[in-house]
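Letters A, B, ... mirror the listed sequences (proteins, then strands); counts begin at 1.
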Number of protein chains: 2
Amino acid sequence: MRLSLRGEYALRAMLALGQRYGSEVVRIRDVAAEQRIPKRFLEQILNDLKDARVVESRRGVQGGYRLARAPELISLAEVIRHIDGPLAPVSCVSERFYEPCSCPDESRCGLRSIMREVRDAISKQLEGVTVADLCARSASLQVGKEGPSMDFAI
Amino acid sequence: MRLSLRGEYALRAMLALGQRYGSEVVRIRDVAAEQRIPKRFLEQILNDLKDARVVESRRGVQGGYRLARAPELISLAEVIRHIDGPLAPVSCVSERFYEPCSCPDESRCGLRSIMREVRDAISKQLEGVTVADLCARSASLQVGKEGPSMDFAI
DNA sequence: GTAATCTTGATTCAATCAGTGGTCAATCTA
DNA sequence: TAGATTGACCACTGATTGAATCAAGATTAC
């Protein structure tokens with residue numbers, strides 16, 4: 001049930017780009033430094049996200065990356081699907097990456113029916129959260145850094 | 001977000017053993033044939049489940065495996081954790097397999113806070129479902145095989 | 001004792017993951 | 001406008017993990 005490191009880095013990069021949405025492009029090296037991601041590895045990941053039309057790039061001096069759409073229009077589910085593949089725990093219940101499994105009768109498989117519910121739960125969470133939400137959540141956590149009103153966190 | 005094949009086989013084996021709970025031990029080869037799992041691979045998996053005290057075995061002629069407890073007392077979450085490790089998508093939100101991640105400040109990480117919700121959703125699903133539930137679900141799906149009352153499934 | 005079954009460890013094979021070295025395009029500078 | 005510099009781009013490698021197999025050994029029933 002794991003998200004790959006690659007997928008985690010992708011999401012952290014989206015956060016970094018989301019926080020700077022509206023300004024100019026951001027260099028890979030800056031994202032890498034801020035999020036403590038290996039720079040060369042991040043290059044690949046952002047490149048993949050470009051193929052997915054989630055980010056866009058500019059080359060050369062003053063080049064860099066930025067979101068291709070408003071942060072409200074990018075769900076975490078979309079990012080993960082492009083980087084890591086299906087959200088579903090087993091691919092016989094995946095909607096976009098369906099593949100048959102080896103069980104005797106898929107249509108009457110009790111496990112499959114349960115796994116479909118797990119997929120729905122995961123999907124509901126990740127489909128409903130956008131990069132904008134991620135940025136907002138991050139910002140609200142940062143507030144506690146200076147402000148004293150973090151009773152809720154104790 | 002995937003369950004490994006190993007984990008899937010483990011759950012299918014639990015289903016097979018659950019359906020025969022109460023009777024004598026079941027041979028690996030029978031479970032393998034019924035569930036279409038490579039026999040040699042299944043040997044490994046059942047052996048791991050024995051270490052987890054989820055199944056118990058008997059050697060020699062007329063040997064085999066059976067559940068070590070009533071099916072109502074074995075959750076799918078327990079099986080998966082023993083075979084595949086953490087349910088959590090990233091290990092910095094795992095309760096039993098916690099490991100720090102590389103992000104700048106874990107306690108104020110927006111992504112982490114979202115991933116914790118995903119873990120809770122997954123955990124809620126899998127913790128709440130037992131091997132008994134799995135068998136019951138499977139049985140109710142099998143009913144439709146002969147009976148005509150499967151309107152709900154259309 | 002012999003056949004059937006689990007037990008254990010090593011081993012193969014392939015796929016995926018994480019990371020790296022060099023190439024190409026845009027901008028800046030002289 | 002030539003050349004240097006910067007930063008994205010592409011192809012590849014090395015290591016790890018996952019799935020599966022092989023080959024003995026141990027235990028029990030008959």
Side-chain angles (χ1 to χ4, degrees), chain A residues 1-10 12-13 16-17 24-33 35-52 54-68 80 82-86 89-91 97 99 101-102, chain B residues 1-13 16-17 24-33 35-52 54-68 80 82-86 89-91 97 101-102:
Chain A
M1 298 309 215
R2 298 186 70 64
L3 182 68
S4 73
L5 201 49
R6 194 183 178 83
E8 186 188 326
Y9 287 164
R12 303 230 305 259
L17 294 183
E24 263 317 292
V25 296
V26 188
R27 290 179 301 184
I28 288 184
R29 101 153 70 124
D30 293 335
V31 176
Q35 290 290 331
R36 305 180 53 189
I37 300 171
K39 178 171 163 273
R40 294 312 197 100
F41 196 21
L42 184 56
E43 285 181 14
Q44 264 188 34
I45 295 168
L46 285 174
N47 220 337
D48 286 353
L49 289 175
K50 198 182 61 161
D51 297 339
V54 166
V55 300
E56 54 193 21
S57 67
R58 201 172 126 189
R59 291 162 73 133
V61 177
Q62 299 192 9
Y65 279 93
R66 69 174 159 205
L67 298 185
I80 294 177
H82 265 287
I83 295 293
D84 262 16
V90 292
S91 45
F97 299 85
E99 274 181 57
C101 87
S102 64
Chain B
M1 299 309 214
R2 296 189 70 64
L3 181 68
S4 74
L5 204 48
R6 193 183 178 83
E8 186 188 327
Y9 289 164
L11 292 177
R12 303 229 305 258
L17 294 183
E24 263 317 294
V25 295
V26 188
R27 288 180 301 184
I28 289 184
R29 105 154 68 124
D30 294 334
V31 176
Q35 290 291 330
R36 306 180 53 189
I37 300 171
K39 178 172 164 276
R40 298 311 196 105
F41 196 23
L42 184 56
E43 287 180 11
Q44 274 183 25
I45 295 168
L46 285 174
N47 224 333
D48 286 354
L49 289 174
K50 200 183 59 161
D51 296 341
V54 166
V55 300
E56 54 193 20
S57 68
R58 201 172 124 188
R59 291 160 73 136
V61 177
Q62 299 191 14
Y65 280 91
R66 69 175 157 203
L67 297 185
I80 295 177
H82 265 288
I83 295 292
D84 261 16
V90 293
S91 44
F97 300 84
C101 87
S102 65

For this session: Nearest 0.5 Å please: distance from the CZ atom of B/R2 over to the CZ atom of A/R2.
Result: 15.0 Å
Output a table of nitrogen or oxygen pairs between the protein and nucleotides 14-16 of chain C separated by less than 3.5 Å.
none

For this session: Identify, with sequence neighbours excluded, every residue that meets salt bridge (Lys or Arg N to Asp or Glu O under 4.0 Å) alongside B/K39.
Result: B/E43
Problem set entry | Nucleotide range of DNA chain D lying under 4.0 Å from chain B heavy atoms | D/dA19 to D/dC30
Exercise. Taking five pairs at each end of the helix from C/dG1-D/dC30 to C/dA30-D/dT1, what angle separates the two helix axes (nearest 10°)?
Worked result: 10°
Problem set entry | CG on A/L46 to CG on A/D51, rounded to 0.5 Å | 11.5 Å
Exercise answer: donor-acceptor pairs, residues 3-11 of chain B side-chain atoms, under 3.5 Å, sequence neighbours excluded:
from: B/S4; atom 1: OG; to: B/R6; atom 2: N; distance (Å): 3.4
from: B/S4; atom 1: OG; to: B/G7; atom 2: N; distance (Å): 3.0
from: B/S4; atom 1: OG; to: B/D84; atom 2: OD1; distance (Å): 2.5
from: B/S4; atom 1: OG; to: B/D84; atom 2: OD2; distance (Å): 3.0
from: B/R6; atom 1: NH1; to: B/Q44; atom 2: OE1; distance (Å): 3.2
from: B/R6; atom 1: NH2; to: B/D48; atom 2: OD2; distance (Å): 2.6
from: B/E8; atom 1: OE2; to: B/R12; atom 2: NH1; distance (Å): 2.8

Exercise. To the nearest angstrom, how far is A/R2 atom CZ from C/dA18 atom C1'?
Worked result: 15 Å
For this session: Would you please name every residue forming a side chain to side chain contact (heavy atoms under 4.5 Å, CB included) with A/E99, sequence neighbours left out?
Result: A/S91
For this session: Look at all strands and tell whether B/K50 reaches a base, only sugar-phosphate, or nothing, counting heavy atoms closer than 4.0 Å.
Result: sugar-phosphate
For this session: Quick one: label A/I28 by what it contacts on the DNA or RNA (base, sugar-phosphate, nothing), any heavy atom closer than 4.0 Å.
Result: sugar-phosphate
For this session: Would you please name every residue forming a side chain to side chain contact (heavy atoms under 4.5 Å, CB included) with B/R58, sequence neighbours left out?
Result: B/E24, B/V25, B/Q62
For this session: Compare side-chain N and O positions of B/S57 against OP1 and OP2 of C/dT7 and report whether any pair is under 4.0 Å apart.
Result: yes
For this session: Starting from C1' on C/dA10, measure out to CD on B/Q44 and report it in whole angstrom.
Result: 11 Å
Exercise. Roughly how many Å is it from CZ in B/F41 to P in C/dC6, rounded to a whole number?
Worked result: 17 Å
Exercise. Expressed in angstrom and rounded to an integer, what is the separation of A/I45 atom CD1 from C/dA18 atom C1'?
Worked result: 9 Å
Exercise. In whole angstroms, how far is the P atom of C/dC17 from the CG atom of A/D84?
Worked result: 7 Å
Exercise. Hey, does the side chain of B/N47 come within less than 4.0 Å of C/dT8's phosphate (OP1/OP2), counting only N and O?
Worked result: yes
Seminar exercise, completed: B/A52 meets the side chain to side chain contact (heavy atoms under 4.5 Å, CB included) criterion, sequence neighbours left out, with B/V54, B/H82
Exercise. Think A/Q62 has a side-chain N or O under 4.0 angstrom from the OP1 or OP2 of C/dC28?
Worked result: yes
Seminar exercise, completed: d(A/I37 CD1, A/L42 CG) to nearest 0.5 Å is 5.0 Å
For this session: Just compare C/dG19, C/dC6, C/dC17 and give me whichever is closest to any side-chain atom of A/S4.
Result: C/dC17
For this session: Please report, rounded to the nearest Å, how far the P atom of C/dT7 is from the CG atom of B/L49.
Result: 12 Å
Please write out the pairs of protein N or O atoms and N or O atoms of nucleotides 22-26 of chain C separated by less than 3.5 Å, giving the distance to one decimal.
from: C/dG22; atom 1: O6; to: A/R40; atom 2: NH1; distance (Å): 3.4
from: C/dC24; atom 1: O2; to: A/R59; atom 2: NH2; distance (Å): 3.2
from: C/dA25; atom 1: O4'; to: A/R59; atom 2: NE; distance (Å): 3.3
from: C/dA25; atom 1: O4'; to: A/R59; atom 2: NH2; distance (Å): 2.8

Problem set entry | Qualifying residues under salt bridge (Lys or Arg N to Asp or Glu O under 4.0 Å), relative to A/R27, sequence neighbours excluded | A/D30
Exercise. Sequence neighbours excluded, which residues qualify as side chain to side chain contact (heavy atoms under 4.5 Å, CB included) partners of A/R36?
Worked result: none
For this session: Specify the separation, in whole Å, of atom NZ of B/K39 and atom P of C/dA4.
Result: 12 Å
For this session: Starting from C1' on C/dT20, measure out to CZ on A/R6 and report it in whole angstrom.
Result: 14 Å
For this session: Heavy atoms only: give me the nearest B/Y65-B/S57 pair and the separation to one decimal.
Result: CE2-CB, 3.6 Å
